[in-house]
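When reading the values below, keep in mind they use all heavy atoms of this one structure, side chains included, and skip hydrogens, waters and symmetry mates. For this chain, numbers begin at 1 and follow the sequence in order.
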Amino acid sequence: MRLTTYLPARQPRATLALLPSHGTTTRMWGSVVQLIPPRLGAEMLLFDLPGHGGAPALAEVDIGSLATEIAQQIESTRCTGRVVIAGASTGGAIALEAAVRPELMITGVALFNSALLFGSPEGWAAIVAAATRHGTPAFDPAGTRRGWFTVVFAEGAGADVVADTLHDLADVDLSSHLACCRALAEYDGRHLARPVTTRGLAVGGTADRAVSASNMRAFAADSSTFRYEELPGAHLSVIENASGAADLLSALLRDSVARHHATAKETT
């Protein structure tokens, strides 16, 4: 993965790392970052998956190695110690893997429309075969539109952003797309629910047909530190309901900073 966008804060108090969904780019977080109040002092790090947006292509990847890359790049930025990491779908799985890395000192995690298991190997094999046959990740734009967005959004206020998102999918490097599909087919994060001690949010989309909201609801129920939230929208709810996503992330940032200050007072 590559850090492709850095948004500094005038007086940084926390760092927000944002990881995209498979098939999308940092563009998916565009409206969200604009809605997070500058007074929170959050410097923002936006990452692209291999072969997506501004990241170089890779023919082989796995969720664990992507989390390692994220951890290394966050460390290299010398950002503030209060790090909140958020990811959508695939990005959520990577964020969860990164959250258990003690070297990052992550103080908050947000998982949007994600899961500990993504579909079945057979389902991913069919997607790989179709993308290979058509020579593009965007082999079924109508089906992708229905899976990622509600009809009301796609045919109404969100028509332009939906078109841009599907354009980004068509530009994804094919070998990297196939590698990400295989990584998701092999991924099993069920061992991570209870070991994660960082406070966090597990967010489902009310109309998500790609990854049922029940995945995030069950994760939160099995975790002692996560709470479940729901956003109106389909799989890419952070695009469809950017204001709701921004509100949740802003609250997580405020909580992270407040707890850091409380801990600092206790130790002085």
J.: Using side chain to side chain contact (heavy atoms under 4.5 Å, CB included) as the criterion, point out the one residue from Val84, Asp247, Leu16 that pairs with Leu252.
T.: Val84

J.: Is the shortest side-chain heavy-atom distance between Ile85 and Leu96 below 4.5 Å?
T.: no

J.: Judged by atom type as modelled, is there a donor-acceptor pair below 3.5 Å linking the side chain of Ser250 to the main-chain atoms of Ala246?
T.: yes

J.: If we ignore angles and hydrogens, is there a donor and acceptor under 3.5 Å between the side chains of Ser89 and His22?
T.: no

J.: Walk me through it: do Asn215 and Leu116 pass the test side chain to side chain contact (heavy atoms under 4.5 Å, CB included)?
T.: CA-CA 8 Å; Asn215 288 280; Leu116 302 180; over 6 Å; no

J.: Would you mind reporting whether Asp208 and Ser237 have side-chain heavy atoms less than 4.5 Å apart?
T.: no

J.: In terms of hydrophobic clusters joined by side-chain contacts under 4.5 Å, are Met28 and Leu111 together?
T.: no

J.: Determine the minimum heavy-atom distance between Arg82 and Val257, stating which atoms define it.
T.: CD-CA, 4.0 Å

J.: Closest heavy-atom contact between Asn113 and Gly205?
T.: ND2-N, 3.3 Å

J.: Could you grab the distance from atom NE2 of His177 to atom CZ of Arg182, nearest 0.5 Å is fine?
T.: 10.0 Å

J.: Show the atom names and distances, to 0.1 Å, of all donor-acceptor pairs under 3.5 Å that link a side chain in residues 44-53 to residues at least two apart or in another chain.
T.:
unit_1, atom_1, unit_2, atom_2, d
Asp48, OD1, Thr26, N, 3.0
Asp48, OD2, Thr4, OG1, 3.0
Asp48, OD2, Gly54, N, 3.1
His52, ND1, Pro50, O, 2.7
His52, NE2, Gly23, N, 3.0

J.: Just grab all the salt bridge (charged side-chain N to carboxylate O under 4.0 Å, His left out) pairs involving residues 20-35, residues at least two apart or on different chains.
T.: Arg27-Asp164, Arg27-Asp168

J.: Taking only residues two or more places apart in sequence or in another chain, which ones pass salt bridge (charged side-chain N to carboxylate O under 4.0 Å, His left out) with Arg199?
T.: Asp255

J.: Work out which heavy atom in Leu19 is nearest to a heavy atom in Ile70; give both atom names and the distance.
T.: CD2-CD1, 3.6 Å

J.: Just how far is it from atom CE of Met1 to atom CD of Gln72, taken to the nearest 0.5 Å?
T.: 13.0 Å

J.: With a 4.5 Å heavy-atom cut-off, do Thr5 and Trp29 have their side chains touching?
T.: no

J.: At what distance, to the nearest 0.5 angstrom, does OG of Ser21 lie from CH2 of Trp148?
T.: 6.0 Å

J.: For Leu192 and Tyr187, work out which heavy atoms get closest and say how close.
T.: CD1-OH, 3.7 Å

J.: Do you know which two heavy atoms are closest between Ala245 and Phe112, and how far apart they sit?
T.: CB-CE2, 4.0 Å

J.: Does the side chain of Ile239 come within less than 4.5 Å of Phe153's, by heavy atoms?
T.: yes

J.: Starting from Leu3, can I reach Leu7 by hopping between I/L/V/M/F/W/Y residues whose side chains sit under 4.5 Å apart?
T.: no

J.: Quick check: do Thr90 and Ile63 have side-chain heavy atoms less than 4.5 Å from each other?
T.: yes

J.: Please report the closest heavy-atom contact between Ala213 and Gly204, naming both atoms and the distance.
T.: CB-CA, 4.0 Å

J.: Hey, quick one: are Leu18 and Val83 part of the same hydrophobic cluster, counting side-chain heavy atoms closer than 4.5 Å, chains of contacts allowed?
T.: no

J.: Is it the case that one hydrophobic cluster holds both Leu201 and Met216, taking links as side-chain heavy atoms less than 4.5 Å apart, direct or via other members?
T.: no

J.: With rounding to the nearest 0.5 angstrom, report the CG to CG distance, Leu117 to Asp188.
T.: 4.5 Å

J.: Is it the case that the side chain of Glu240 and the backbone of Gly233 share a donor-acceptor pair, with hydrogens and angles ignored and the cut-off at 3.5 Å?
T.: no

